[in-house]
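Chain naming here is simple, since letters A, B, ... match the order of the sequence lines and numbering starts at 1 in each.
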Amino acid sequence: MNCDNLDPKVAALWAKKGTSSTGEPVWLPLLAHLIDTANVINALYNHCLSDGQRALLVSDGQDEESVRQTIQFIGFIHDLGKATAVFERKQSYDHNAELDQAVLEHLIRAGFTGLDTAVIAHKNESPHARAGEALLEKFGVSSTIGAIIGGHHGKPEKGPPKNDICDFTANYFQDDGNKLIQQKWQDVQKEILEFGLNYVGLNSVQELADFSQKQSVIVEGLLIMADWLASSEYLENNRSDHPLFPLIAVDETIANIDFDTRFKNAWLAWTTTDEPILQQIKTSNDPYFDFWHFHARKFQTLVTEAIDKAVDPSLVIIEAPMGAGKTEISLVAAQQLAFRQGEMGLYYGLPTQATSNAMFERIKDWLDQQSKKSGLKNSIKLMHGRAEFNESYRALPNATGVDNQSGAVVNSWFSGKKSILDEYVVGTIDNLLLFALKQKHLALRHLGMSRKVVVIDEVHAYDTYMNVYLDRALEWLGAYHVPVVMLSATLPAARRRDLVLKYYKGRFGAKKYLEEKEATNSWQKNIAYPLVTLLDGDRVQQFSETPTPEQRKQVEVELMSDELADLVSSVLEKTADGGVVGVIVNTVARAQAIGYELDGKAPTLVLHSAFVATERTKIENELLEKIGKNGQRPEKLVIIGTQVLEQSLDIDFDILYTDLAPMDLILQRVGRLQRHQNKRPKQLSTPQLVVMDGSFSHLGEFNEGSEAIYGRYLLMKTRYYLPQVLNIPADIPRLTQLVYDEVDDALNGEIDGLQEAKKKEAQVSAELEKKAGVYPIDPPSYVRNKSIHGWLDNPKAIFDDEMASRSVRNIVQDSIEVLVLKKDSEGQIFLLDGTKIVNENLHIQAKAIAMQILRLTVSSYKIIDTIKILEKFTRSQFPDWADNKWLRGALAIVLDEQNEVEVGGVRYRYSTKFGLTKERING
DNA sequence: AACAAAAAAAAA
Ligand SMILES: [Fe+3]
C-alpha cells in the first residue's frame, strides 16, 4: 500500500486513544485501524468461513471475487464515521488531557483549522456508526451496505439516515456554514473512501456487490468479529506477551507502522488452533468401531447409511428411546453432514447445565481422540452460565500454552459474546434459542451458528414458549443451509411435521413450503418408533426399524386414587418381599408428603428440585450406584420424586407409581421401569405401572397441582386412552398420537367437558405464544437486496443483554437463587456438609460456597423486597464476597441450628432428607 | 394462594 501521497490530514485522524500498560499515552491513527480491520476481515473471509457460508454469500448470483472485495471494503470503511469533526473532538475515556492535546496537535499540524475552538452543538448526535452510514449514503453506496456499517456496534438503524448530515452538519464538517472549513472534512472523507476502494482493487462504489438480508447478517457478523479482533491489542487481557494490534506511542504516526508485518504477526499469534477436522465417513468400515470400539447397532447403521445414501442431506430427526445410542449417531451424523455440506465445527444444545456437562465429557473425549490421531489442535467450549464450575473443562490445556501438542484445547479469545464463534461448542439450548431473539450483536451468533452443524438434544422436552424460539431458529438455520440433527423421544406427528416444515420454509422459501405443506404426504402423519425423518434436498424420507423381541415389553397398568393412604398400603403390600419402587409425582409438596408418610415404614429416598445443588448431586449419585446400570440394588427401597426422575437418569425400578400426567410423560417415566436385566422379587417379576389419579374416586376432579401444570385437556385424554396393558414400544407412538391428535376429539363424546377443556388449552398456548412472541426476530426475508435496517427493532425496546437472555424461558413462578450455609450456636459458619468456613480462606473455599445453590420460590409481589433483604444481609454478613470472582453478586441464607431461616415473612426449613419447605409467618 | 423443571448476564 502506498501512504506516501496521502493528505496529511487523513493520516492525522485518530481512531483510538488510551494508556499503555506502562502508563504512557498511546493512540491509533484512524487509517491504521481501517487497514488492520480490512486485513483481518479478508483473512476471516478466506480462512474462517465455512465453504457453506462462502457459497451462501454468492447464492444470489454474485461474483465470488467481487464479494470478497466488497467485504474487505466494508471492513476498511466501517469507521468512516470517525473521520468527522464530532468524533475527532471527543476526549479520551480517561480524560487524559496530555493525550488529548497531543492528538489534537497532530490534527492541527496536518492542516485542520479552528478545531480546538470549534463548538459542536449536538455532540451526542451522529454516533460514528450512523455517521459512517450517512457518509456512505452520500457517496452513493447501497443502503444494504450502509445498513451493515450503521449496525456494526450491534444494532442496525431503523432506516437510512437520510437527513442526519443536513440536520447536524457541524457534526460532520465542523461548521454549519463555512464552506472552507467544511471542505477540509469533505476532502478527507472522500480520500478515505478512495483509499479503501483502491486498497481492495475497485474503481468506484458502483462495482461493489450487493447482499440479501441473510447475506447481510453474515457480513455484519464478520465485520463485528473483525472489528473486535482488530481492536484487540493483545491476545490475552493484561498480558502483553502476544501482541495483536497494539496502539502506538502518541509521538508516532502511521509512517512508523509496517502494516504487512503487523498483520502477519497478529494473525500468527491469534490462530492458536487448527481448523475442524473434515473427513469422509466410510460406512464400509464401521465408524462406530473406529471411534468407540463397539460395533454399530442395527439402528445406528440404519441412520448412518441413510445419510450416506442421501444426495443432499440437511435435516435429520431421530426419535428413539434412551439407550438406543443416539449420541454416537449424532456425532457420526455431524461429521457426515459437515463433510457433505462444507461446514466447520459443531454446536450441541441440551436442555440443562447438568446434561450439557455430561455431554461435554463425551464430546471432549471424542474430539480429543480424533485431534490426536490427526495431530491437530482443536478448540472446544462448554457454553452455559456455570461452565467455569466444571472441573474437567477447566483442566483442559489452553491453546496458547501448548505449542506442539495435539488434542482438544480451550481458546480463551472466544469468550463472552464471541463464544459461539468457537469451533466445537457444547452447551445449553438457550444459546440456540437466543439465536432467534432480538438482541445486540445478534449477527455474531448468526455467524457462529451458520458455520457449524447444529445438534439439538431432547427436542421433546421443550415447552410451547421455548418452541416459539426453536421454530424461528430452525427457519433461519434452514435459510443458511445449516445441517441440523434433532434427537428426541417420540414426537406427536403434528410437532414433527412442524419442525420439518419450519426448516423447509427457511431453506426453500414460502412458495415451495406451502406446496409441501398442502401435499399432505405420508411422512406428515407416519406413526412409528424408533423413527428417522430425513430431509434430502426437498424430499422427506422416513426410516423405521422393527423391534427385536428383547426390546419388547408388556406393562400391566392399574389405576388408583391419589390418596396418600392408598399409596402407602399398596407400596407396603407390593414390597412385602422387597423391591425397588419408583414413585413419580407432579409436585414437590406431594413428594414431600409421601416421604413423610412412608418414613419409618420403608427405606425411602426423596428427590426433587428443592434441594441444594450439591446435595441433589449426592442423592443422584447414590441413586445411580444403587439402581443404575449394574448397580448394587438394595433389598428394599422406595424412591419418591418429581419430574427430575423423568429424564436423563439411567435408573431401573421394579415397579412404578406415577401421578396422572400427559401420555408422553407417563411413557417417558415408564422408560425407567425394568429397563435393565435385573433379578427382581417374585411379586414384581413382571413390569407393573400404577397410575394415581385424583379423578379415580371423584369423577372429573384431577389433582389440583397436576391440573395447574398440565391442563385438564391432556389429562382427560390421557386418562381416556390409558390401556390396561402397555405394549412397549409399539404403544409409545400410537398412544402419544391419540392424545395429541386433535382430529379425533369430535369422536370422543364420551369424555365429559372435553371440548371446554380443549378451548382452555388452546387459550393457554395462544397466550404463551403471544408472550414469547414479543422478542423473536422475524422470519428470514426473501425480498431481493432487503437491508438489515430495523432487523433488531423491538417494540418493547429491550436491549439489555440480561433481559434478553432471560426471555427465552417462560417464567411461571418467580424464584431467587441463593447460596445456603448454616451456623452453630456460636455463629460459626459451615457448608451443609459440615466444613467450617474460615474467612481467611475465602479464596480457597469460595468455589465450594458458590456451589451450594438453592432456588427459593417467592410470591411475585414479594420478590423485589425479598431480594433487597437478602442483598443487605449478604453485604453485612459476607462483605468479602463482593471482591470474589465466584461469589460476586451472590445472595446468601444461613440456616440456624434447627435448619431454619426467616426471610421476608416466610420461614424456610431445610431438611437433608426431604428438601426445602416453607411456611408463612403470621403478621 | 400456589404449581415442575429449568436458564441467563463487557465491548471495541
Ligand atoms: Fe472499529
J.: A:Thr617: which residues meet the side-chain hydrogen bond (donor to acceptor under 3.5 Å, both in side chains) condition with it, sequence neighbours left out?
T.: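 If we apply the side-chain hydrogen bond (donor to acceptor under 3.5 Å, both in side chains) test to A:Thr617, skipping adjacent residues, there are no hits.
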
J.: Between P on B:dA2 and OH on A:Tyr861, what's the gap in Å once rounded to a whole number?
T.: 10 Å

J.: Of all residues at least two apart in sequence or in a different chain, which pass the side-chain hydrogen bond (donor to acceptor under 3.5 Å, both in side chains) check with A:Ser609?
T.: none

J.: Applying ring pair (Phe, Tyr, Trp, His ring centres under 6.0 Å), can you list everything that pairs with A:His446, at least two apart in sequence or on another chain?
T.: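 For A:His446 the ring pair (Phe, Tyr, Trp, His ring centres under 6.0 Å) partners, ignoring immediate neighbours, are A:Phe435, A:Trp476, A:Tyr480, A:Trp791.
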
J.: Give the rounded distance in Å between these two atoms: CZ of A:Arg590 and P of B:dC3.
T.: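 Computing the A:Arg590:CZ to B:dC3:P distance gives 12 Å.
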
J.: Which whole-number value in Å describes the distance from A:Leu607 CG to B:dA4 C1'?
T.: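 Going from CG in A:Leu607 over to C1' in B:dA4 covers 13 Å.
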
J.: Within this structure, what is the CG-to-P distance between A:Leu665 and B:dA5, rounded to whole angstrom?
T.: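 One finds 13 Å between P of B:dA5 and CG of A:Leu665, rounded.
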
J.: What is the distance from CD of A:Glu707 to P of B:dA4, rounded to the nearest Å?
T.: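 These atoms are roughly 15 Å apart.
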
J.: Hey, is A:Arg590 close enough to A:Asp659 for a salt bridge, meaning N to O under 4.0 Å?
T.: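 A salt bridge links A:Arg590 with A:Asp659.
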
J.: CD of A:Gln592 versus P of B:dC3: gap in Å, rounded?
T.: 13 Å

J.: Between atom CD in A:Glu646 and atom P in B:dA4, what is the gap in whole Å?
T.: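 Whole-Å distance recorded here is 13 Å.
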
J.: List in chain and number order the residues that pass ring pair (Phe, Tyr, Trp, His ring centres under 6.0 Å) with A:His153, two or more places apart in sequence or in another chain; answer none if no residue qualifies.
T.: A:His128

J.: Which nucleotides of nucleotides 6-12 of chain B have their base under 4.0 Å from a protein heavy atom (B), which only their sugar-phosphate (S), and which neither (-), written as one string 5' to 3'?
T.: BBBBBSB

J.: Who pairs with A:Glu767 by side-chain contact (heavy atoms from CB on, under 4.5 Å), at least two apart in sequence or on another chain?
T.: none

J.: Give one of base, sugar-phosphate or nothing for A:Glu704, where a contact means two heavy atoms less than 4.0 Å apart.
T.: sugar-phosphate

